[in-house]
Amino acid sequence: MTKPIILVVGARPNFMKIAPIYAELESRSQPLILLHTGQHYDDNMSKVFFDDLGMPKPDIYLGIGSGSHAYQTATVMIEFEKICQEKDPSMVVVVGDVNSTVACSIVCAKLNIPCAHVEAGLRSFDREMPEEINRILTDSVANLLLTPSPDGDENLRAEGVAEERIVRVGNVMIDSLYSNLEKAKQSSVKSDFGLQEKYAILTLHRPSNVDDKENFAGIIGALEHIGKNIQIIFPMHPRTEKMAKSFSLYERIESIPNIVITGPVGYLDFVALMASSALALTDSGGLQEETTALGIPCITLRENTERPITVTEGTNTIVGCDPELIKKTAMDVLETGGKSGRIPELWDGKTSQRIADVLLQYISANGD
Ligand code: UD1
Ligand code: UDP
């Protein structure tokens, strides 16, 4: 009997990366196990994505929940190891850079189960970011490193990774974006929130921005200025809401001129909001890529990016969290319409097909 491939999801940015891979492998009649670690668990951080992306309910739910880095990583490892021993998969696929990603890849390495990392090779070169540690560790133990862009290949080569482990497949998140764009445009979300013709979309959740009161307050100061010039829709991440309340900043956010605050929104609504926006202000990794693919100007409120191609080829500008620079860059974009870019090579909506080819070749060459 053919052994199953386990596809791992854990947190919000994983769902839109796994959905097209799941669909492609399923169309090739591969036995699959969809495993959700439960790192994100609220309906609007998890269930809504299964509905919106047409993914089946997870076959296995580990229910890990929130906690410290060590708690999350270690608990996923303990539970995932049991599943691997029971299910004996031919391959495990992990995506992105969240704690669930690194935890499952380490389990595979210790059990000698082949592991493929989708979105390999990205580096911010900032080890204060928890995701950078996850990227480095995952890439050091996974067998197949599937990269979205040439910078990923170069970073891996510079770390001494053998050439045969690196395959550039393109950006799988863009498969989901393209295949859902038309459906997303049917959403009534813009009128539901009373949005004007021209508005900016804002997301924030990096610990460096929202767990640091001074940085958080500085960003809010910049938004107070930007809001006088354009309406802002802010689907607030639960970490951000929790920290804003604990720093007593929540009421100040509510008082930003022209701001519309909501909880996290589902994928189709979010894509609808992003695709019609004049400007994105964000510290999200995924949004830097999606705005590049959509041609929407993006201002990234971080000091660095692990996705430099969105700056060199796309619509992204890195500004950090200096309020003056945020204000100035946003005003420039509103006056000029912002940077135009081009879509990077292999961000073509066919990445999941290339991923399936690579996985199945690897399994047939290395399987028992
Ligand atoms: C995680 C990832 C980050 C990713 C982000 C995407 C790591 C280290 N971080 O950050 O890379 O960009 O997801 O959104 O893996 N919470 C809820 N409900 C939920 C989930 C979280 O209320 O369904 C709250 C909890 O208070 C929790 C906090 O959000 O403590 C942070 O969640 P966590 O998964 O630890 O990290 P994120 O900031 O979401
Ligand atoms: N997203 C969404 N609803 C929201 C905010 C984001 O559907 O309220 C989507 C967004 O389009 C992208 C992904 O979630 O596909 C990015 O996730 P996030 O910003 O949480 O994580 P990161 O990319 O920073 O790791």
Side-chain angles (χ1 to χ4, degrees), residues 5-26 30 32-40 45-46 49-50 53 55 58-60 62 64 72-73 76 80 89 91-109 113-123 130-149 152 156 165-177 179-180 267 284-290 293 306-307 346-347 349-359 362:
I5 299 174
I6 299 185
L7 303 175
V8 175
V9 290
R12 179 166 70 186
N14 297 160
F15 306 122
M16 57 296 291
K17 295 172 193 169
I18 284 292
I21 303 174
Y22 187 98
E24 184 60 33
L25 287 170
E26 194 185 38
Q30 273 303 302
L32 299 173
I33 295 175
L34 184 58
L35 180 140
H36 188 340
T37 65
Q39 177 174 344
H40 285 173
M45 294 294 286
S46 175
F49 295 93
F50 289 82
L53 293 158
M55 253 194 315
D59 300 296
I60 298 172
L62 301 182
I64 299 308
Q72 264 181 349
T73 311
V76 170
F80 187 63
M91 166 81 86
V92 170
V93 180
V94 296
V95 294
D97 53 18
V98 303
N99 285 342
S100 303
T101 311
V102 67
C104 294
S105 68
I106 293 173
V107 168
C108 292
I113 295 170
C115 178
H117 181 208
V118 174
E119 207 183 87
L122 299 188
R123 297 289 182 271
E131 295 81 4
E132 183 75 351
I133 307 301
N134 294 344
R135 295 180 197 115
I136 293 167
L137 294 178
T138 303
D139 286 342
S140 79
V141 293
N143 305 71
L144 270 176
L145 303 178
L146 307 179
T147 65
S149 45
L156 293 169
R165 286 172 61 208
I166 308 171
V167 187
R168 190 171 347 136
V169 291
N171 191 328
V172 77
M173 208 174 193
I174 305 306
D175 288 21
S176 274
L177 181 67
S179 63
N180 287 289
Y267 184 69
S284 158
L287 256 80
Q288 295 173 58
E289 300 180 332
E290 290 167 334
E306 61 289 337
R307 293 160 160 93
L346 299 183
W347 293 26
K350 294 180 179 152
T351 295
S352 53
Q353 295 172 24
R354 291 185 285 271
I355 291 174
D357 291 343
V358 176
L359 298 182
Y362 187 95

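Values below: every heavy atom of this structure, side chains too, minus hydrogens, waters and symmetry copies.
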Determine whether Arg135 and Glu306 satisfy the following criterion, side chain to side chain contact (heavy atoms under 4.5 Å, CB included), listing intermediate values before the conclusion. CA-CA 10 Å; Arg135 295 180 197 115; Glu306 61 289 337; 3.2 Å; yes

Asn171 vs Glu289, test: side-chain hydrogen bond (donor to acceptor under 3.5 Å, both in side chains). Steps then yes/no. CA-CA 9 Å; Asn171 191 328; Glu289 300 180 332; 3.1 Å; yes

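Closest heavy-atom contact between Leu122 and Ser149: CD2-OG, 4.2 Å. Minimum heavy-atom separation, Leu34 to Tyr22: CB-CE1, 4.0 Å. The minimum heavy-atom distance linking Ser46 with Phe15 is given by the pair CA-CE1, 3.8 Å. Across Gly152 and Thr147, no two heavy atoms sit closer than the pair C-CG2, 4.0 Å. In plain terms, the two heavy atoms of Tyr267 and Ser176 that are nearest each other are OH-C, 3.3 Å. Closest approach of Leu359 and Ala116 over heavy atoms only: CD2-CB, 3.6 Å.
No hydrogens or angles considered: nothing links the side chains of His117 and Ser105 as a donor-acceptor pair under 3.5 Å.
Here the CG atom belonging to Leu137 is positioned 10.0 Å from the CD atom belonging to Glu132, to the nearest 0.5 angstrom. The CE atom of Met16 sits 10.0 Å away from the CG atom of Leu177 when rounded to the nearest 0.5 Å. Between the CE atom in Met91 and the CG atom in Leu7 there is a gap of 10.5 Å [rounded to 0.5 Å]. Atom CD1 of Ile64 is separated from atom OG of Ser100 by 8.0 Å, given to the nearest 0.5 angstrom.
Between Val95 and Glu119, every side-chain heavy-atom pair lies at or beyond the 4.5 Å cut-off. Contact annotation: the side chain of Thr351 never approaches that of Pro20 to less than 4.5 Å [non-hydrogen atoms, C-beta and beyond]. The shortest distance between side-chain heavy atoms of Arg123 and Asp139 falls below 4.5 Å. Ile113 has its side chain within reach of Pro89: a pair of non-hydrogen atoms, C-beta onward, lies under 4.5 Å apart. Between Asn180 and Leu53 there is a side-chain heavy-atom pair separated by less than 4.5 Å. With contacts defined as side-chain heavy-atom distances shorter than 4.5 Å, the pair Val98/Gln39 qualifies. For the pair Thr101 and Val8, the minimum side-chain heavy-atom distance is 4.5 Å or more.
Partner Ile6 forms a side-chain contact (heavy atoms from CB on, under 4.5 Å) with one of Val93, Leu32, Leu35, Ile60 and no other, that one being Leu35. Residue Thr37 forms a side-chain contact (heavy atoms from CB on, under 4.5 Å) with just one option from Asn14, Val76, Val9, and that option is Val76.
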